[in-house]
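Working notes, beginning with the structure itself.
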Amino acid sequence: MTTSTFSPFLVGWVAIATGVAVIVAVITLILMYTVNGPFFGTINDVFNTIIGILSVVLAWMLYAEFHAKLPVMSQIALLLAVVGAVFTIIGSILIIFGFTGFVLAGWYTGFGNALIGFWLAAFCFSMLSGDASSHNLIIFGIVAGAFMAIGLIGIPGMFAGIDSMESMPWYLYIAFFGYLGTYILYPIWCIWFGRTLLLK
């Protein structure tokens, strides 16, 4: 993988920063359930927004290379990443300011992450014909993006305004697997990708 507009050094550090932001979000989520719910919960929500924003910055930085390989798909994917970031921000606002509970806000955040996952999978797909040494990284990115996209299953919960685990249809539980992609696989890919660029 290469970057044709921004330096590999800059893109690499943005990718690593994105991965670190996800790790901080995971740590604060754990602390929310084990130490102090409200305080760490708010920090988690803030970092969910930071993840969305940094993801868009990364997508924008990689756009030129993506566009050179798949012009139409790159435009659609970048738009999806931007919309995804907006939804992560909306999800955080809903819960931080008390407009909804964490379940309904989570549908918005999960939907946003799913759209970012589509960008990730599409970008990595466009790189399949590139450097053979990055093949494992590329495949991992496609898998991570696919897991993130599972969050789309939460769309009915978002539209129905479901804000309670008790009133949730069984299939909506599947949407939570999208966070496996966002909180575990995505930071691994970001840091791996960033280190690959920095070592060039």
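- With hydrogens and angles disregarded, a donor-acceptor distance shorter than 3.5 Å links the side chain of Asp163 to the backbone of Gly101.
- Following chains of ILVMFWY side-chain contacts shorter than 4.5 Å, one can reach Phe47 starting from Met32, so the two form part of one hydrophobic cluster.
- The distance from the CG atom of Leu54 to the CD1 atom of Ile16 is 12.5 Å, given to the nearest 0.5 Å.
- By the 4.5 Å heavy-atom criterion applied to side chains, Ile51 and Asn48 are counted as neighbours.
- Using cut-offs of 30° and 60° on the angle between ring planes, the pair Trp189 and Phe193 is parallel.
- There is a side-chain donor-acceptor pair under 3.5 Å between Tyr186 and Ser55.
- In the hydrophobic cluster analysis, where Ile, Leu, Val, Met, Phe, Trp and Tyr join through side-chain heavy atoms closer than 4.5 angstrom, Met165 is grouped together with Phe159.
- Here the closest heavy-atom approach between residue Gly106 and residue Tyr179 is recorded as O-OH, 2.9 Å.
- Counting heavy atoms from C-beta outward, Asn136 and Phe140 have side chains that stay 4.5 Å or more apart.
- With values rounded to the nearest 0.5 angstrom, Leu70 atom CG is found 11.0 Å from Gln75 atom CD.
- Looking at every heavy atom in both residues, Gly161 comes nearest to Leu104 through CA-CD1, 3.8 Å.
- Residues Leu180 and Ile150 fail the side-chain proximity criterion, which asks for heavy atoms closer than 4.5 Å.
- Heavy-atom minimum distance, Asn113 versus Met148: O-CE, 3.4 Å.
- In the hydrophobic cluster analysis, where Ile, Leu, Val, Met, Phe, Trp and Tyr join through side-chain heavy atoms closer than 4.5 angstrom, Leu152 is grouped apart from Val82.
- Taking each heavy atom of Ile23 and Ile191 in turn, the nearest pair found is CD1-CD1, 3.7 Å.
- Within the model, atoms CG of Leu120 and CD1 of Ile116 stand 10.0 Å from one another, a figure rounded to the nearest 0.5 Å.
- Aromatic pair Phe6/Trp60: centroids less than 6.0 angstrom apart.
- Counting only heavy atoms from C-beta outward, the side chains of Ile93 and Ile96 never approach each other to under 4.5 Å.
- Within 6.0 Å of CZ on Phe177 lie no more than 12 heavy atoms contributed by other residues, nucleotides or ligands.
- Distance CZ/Phe40 to CG/Asn44: 11.0 Å, rounded to 0.5 Å.
- Separation of atoms CG (Leu115) and CZ (Phe87) is listed at 7.5 Å; rounding is to 0.5 Å.
- The shortest side-chain heavy-atom distance between Ile139 and Leu128 falls under the 4.5 Å cut-off.
- Aromatic ring pairs are classed by plane angle as parallel below 30°, tilted from 30° to 60° and perpendicular above 60°; the pair Trp13 and Phe9 is perpendicular.
- With a 6.0 Å radius and a threshold of 12 heavy atoms from other residues, nucleotides or ligands, Phe125 has its CZ atom at or below the threshold.
- Listed here is the closest heavy atom pair of Ile162 and Pro169: CD1-CD, 3.6 Å.
- Met158 and Leu172 fall within a single hydrophobic cluster, where Ile, Leu, Val, Met, Phe, Trp and Tyr side chains are chained together by heavy-atom contacts under 4.5 Å.
- By the 4.5 Å heavy-atom criterion applied to side chains, Trp170 and Ile174 are counted as neighbours.
- Residues Ile76 and Tyr63 do not share a hydrophobic cluster, clusters being chains of Ile/Leu/Val/Met/Phe/Trp/Tyr side chains in contact below 4.5 Å.
- Note: Phe102 and Trp107 fail the aromatic proximity criterion, with ring centroids not under 6.0 Å apart.
- Between Ala85 and Val56, the shortest heavy-atom distance links the atoms CB-CG2, 3.3 Å.
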Inset, instruction - Please step through side-chain contact (heavy atoms from CB on, under 4.5 Å) for the pair Tyr183 and Leu29, ending with a clear verdict. - result: CA-CA 10 Å; Tyr183 279 168; Leu29 184 65; 3.7 Å; yes
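- Note: Phe123 and Trp119 have parallel aromatic rings, judged against thresholds of 30 and 60 degrees for the angle between ring planes.
- Once rounded to the nearest 0.5 Å, the distance linking CE of Met127 with OG of Ser134 reads 10.0 Å.
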